[in-house]
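Whatever order the structure lists them in is the order used to number ligands and atoms, beginning at 1.
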Amino acid sequence: MSHGVKTLGVLGAGQMGGGIAQVAAVAGITVKVFDSFPGAIDKCKGVHKKSLSKLAEKAVITQEVADAAIGRISFVDKLENLTGCDWIVEAVVEDVKVKKDLFSRLAAMYPDENVVLASNTSSISITDIATACGKSASRVVGMHFFNPVPLMKLVEVIPGLQTSPAAVERTIALATACGKTPLKANDRAGFISNRVLMPMINEAFYAWMEGVAEPQAIDGIMKLGCNFPMGPLTLADFIGLDTCVNIMDVLAEGLNNGRYRACPLLKQLVVAGRMGVKSGRGVYEYPAK
Ligand code: NAD
């Protein structure tokens with residue numbers, strides 16, 4: 001089945017939205033990105049320039065492909081200006097209220113049922129997000145990319161209870177066209193990736209909080225002992241510590257089990273503004289280049 005996408009709308013110009021916009025543009029799709037914070041848009045433009053030049057330098061893509069991709073991406077700072085899209089991927093903050101509000105507005109803006117409304121949520125129930133679209137819930141699907149999007153191969157495809165088989169098949173086709181490997185998981189909190197990964201990251205924060213080892217040792221032990229490409233605390237810094245807390249909250253609530261509660265130290269770092277790489281400091285420091 002063809003995905004049938006000419007113009008992709010992306011909600012959120014952060015780490016994930018920016019990456020999704022980039023891979024779709026490289027695949028030849030016109031992309032319109034919406035973010036309500038103008039600073040985010042400028043940052044995203046800078047990230048695209050840097051990331052695409054790096055890929056061209058490494059001969060992963062040609063300079064022509066990189067330039068053409070930049071030319072295919074435009075930005076808007078108001079949702080009502082995100083017009084003319086035939087597919088939307090939402091990648092804003094991991095907050096169910098914010099996502100449902102946007103999905104109900106999208107359903108009204110795009111009455112055509114062929115316009116798929118996908119969410120890049122890491123953990124929130126697709127079935128729940130879809131309820132915000134009322135009668136057109138069957139076109140809502142989970143399309144979960146991984147960070148950094150231009151490099152990571154997987155897209156987890158998650159049908160909600162209401163999702164139509166056609167929306168799932170087209171999501172698989174779009175992910176494949178973007179150079180990714182789609183794999184399906186059912187709609188339970190955290191799906192597969194975060195249900196398995198996030199409790200391990202949370203446990204690493206507990207180990208640090210309890211003084212079992214310092215962060216460098218925790219990361220080093222997991223890297224060298226388990227052959228991970230990076231340790232769990234470093235990975236948390238890349239994901240964003242705020243996003244990690246949000247995902248743990250969703251697991252605790254969605255799986256109805258207290259063992260998924262976020263570690264107090266992880267929560268405390270977020271309160272202190274230490275979100276990870278994106279804020280310049282999380283577990284580790286990331287001085288501005
Ligand atoms: P981020 O903080 O880098 O970006 C979120 C963006 O959304 C920001 O630019 C913010 O300005 C924008 N935003 C927030 N509220 C908005 C609103 N109401 N309208 C429009 N824009 C709004 O976060 P991220 O890491 O890109 O995560 C985005 C989504 O992707 C989350 O649902 C997250 O769980 C999911 N996700 C994250 C990762 C990861 O590793 N970071 C991986 C897979 C999925």
Side-chain angles (χ1 to χ4, degrees), residues 9-23 32-48 51 75-82 88-106 109 117-126 128-129 132 142-158 175 180 183 185 189-198 201 229-230 232 234-251 254 262 270 273-280 282 286:
V10 178
L11 308 191
Q15 301 190 90
M16 297 306 294
I20 295 165
Q22 180 177 318
V23 294
K32 294 183 181 179
V33 184
F34 157 64
D35 200 294
S36 50
F37 298 90
I41 290 178
D42 289 340
K43 194 170 168 192
C44 185
K45 286 180 182 169
V47 171
H48 283 160
S51 167
F75 293 85
V76 296
D77 60 6
K78 288 193 176 55
L79 186 65
E80 52 271 31
N81 293 338
L82 193 80
I88 309 276
V89 183
E90 167 279 316
V92 305
V93 64
E94 186 77 343
D95 179 315
V96 68
K97 280 202 199 92
V98 175
K99 288 192 193 288
K100 284 174 86 168
D101 173 56
L102 287 170
F103 272 77
S104 79
R105 289 166 68 193
L106 286 171
M109 276 173 71
L117 307 177
S119 176
N120 182 55
T121 177
S122 308
S123 58
I124 297 172
S125 162
I126 300 301
D128 190 15
I129 293 176
M143 190 177 192
H144 184 204
F145 289 81
F146 288 75
N147 191 17
V149 181
L151 303 183
M152 297 293 281
K153 280 281 166 210
L154 178 64
V155 171
E156 216 175 10
V157 176
I158 306 111
K180 306 299 178 196
L183 290 173
F191 319 127
I192 290 296
S193 51
N194 280 308
R195 182 170 181 164
V196 177
L197 171 69
M198 221 25 95
I201 288 179
M230 66 176 78
T234 304
L235 180 56
D237 271 357
F238 277 101
I239 293 170
L241 302 194
D242 52 337
T243 302
C244 293
V245 170
N246 289 339
I247 294 171
M248 288 307 295
D249 289 347
V250 170
L251 291 178
V270 172
R274 289 169 60 174
M275 309 293 183
V277 176
K278 66 185 170 188
S279 71
Y286 304 89

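- Under the 4.5 Å side-chain criterion, counting only non-hydrogen atoms from C-beta, Ile20 is not in contact with Met143.
- The option with the heavy atom closest to atom 32 (O) of ligand 1, from among Met143, Lys278, Glu94, Arg105, is Glu94.
- Listed by number with element, the atoms of ligand 1 under 4.0 angstrom from any heavy atom of Ser36 are 16 (C), 17 (C), 19 (N), 20 (C), 21 (N), 22 (C).
- Comparing Asn246, Asp35, Val92, Asp101 against atom 10 (C) of ligand 1, the shortest heavy-atom distance belongs to Asp35.
- When heavy-atom distances to ligand 1 are checked against a 4.0 Å cut-off, Phe146 has no atom that comes that close, whether in backbone or side chain.
- The closest approach between a heavy atom of Lys99 and any atom of ligand 1 is below 4.0 Å.
- For Gln22 (side chain) and Ser51 (main-chain N/O), no donor-acceptor pair under 3.5 Å exists by modelled atom type.
- Residue-ligand proximity, Phe37 to ligand 1, at heavy-atom distances under 4.0 Å covers atoms 10 (C), 11 (O).
- Atom numbering of ligand 1 starts at 1 in the shown order; those under 4.0 Å from a heavy atom of Asn147 are 39 (C), 40 (O), 41 (N).
- Proximity annotation for atom 5 (C) of ligand 1: of Gly12, Ala236, Ala91, Ser279, Ala91 comes nearest, heavy atoms only.
- Salt bridge Lys97/Asp101: absent, no basic N to carboxylate O contact under 4.0 Å.
- Side chain of Asn120 to main chain of Gly17: no donor-acceptor pair is present (N/O by atom type, distance under 3.5 Å, no hydrogens or angles).
- The side chain of Thr243, and not its backbone, has at least one atom closer than 4.0 Å to an atom of ligand 1 (non-hydrogen atoms only; side chain from C-beta on).
- Enclosure of atom NZ in Lys43 is not indicated, since only 12 or fewer non-hydrogen atoms of other residues, nucleotides or ligands lie within 6.0 angstrom.
- Using a 4.5 Å heavy-atom cutoff, the side chains of Leu251 and Asn194 are not in contact.
- By the 4.0 Å heavy-atom criterion, Phe34 is counted among the residues contacting ligand 1.
- Residue contacts with ligand 1 for Asn120 involve both N, CA, C or O and side-chain atoms from C-beta outward (heavy atoms, distance under 4.0 Å).
- For His144, no nitrogen or oxygen atom sits less than 3.5 Å from a nitrogen or oxygen atom of ligand 1, counting backbone and side chain alike.
- For Val98, the closest heavy-atom approach to ligand 1 falls below 4.0 Å.
- Taking 4.5 Å as the limit, some side-chain heavy atom of Thr121 sits within range of a side-chain heavy atom of Glu94.
- Looking at atom 37 (C) of ligand 1, its nearest protein heavy atom turns out to be Met16 CG, 3.3 Å.
- Proximity of Ile192 to Leu183: side-chain heavy atoms (C-beta onward) are nowhere separated by under 4.5 Å.
- Ligand 1 lies out of reach of Gly240, whose nearest heavy atom is not under 4.0 Å from it.
- Here Glu80 contributes atom CD and Phe34 contributes atom CZ; the two are 8.0 Å apart, rounded to the nearest 0.5 Å.
- Here's the thing with Ile239: one of its N/O atoms is less than 3.5 angstrom from an N/O atom of ligand 1.
- The atoms of ligand 1 that sit less than 4.0 Å from any heavy atom of Gly14 are 3 (O), 4 (O), 6 (C), 9 (O), 26 (O).
- When non-hydrogen atoms are compared, ligand 1 lies under 4.0 Å from the backbone of Ser122 as well as from its side chain.
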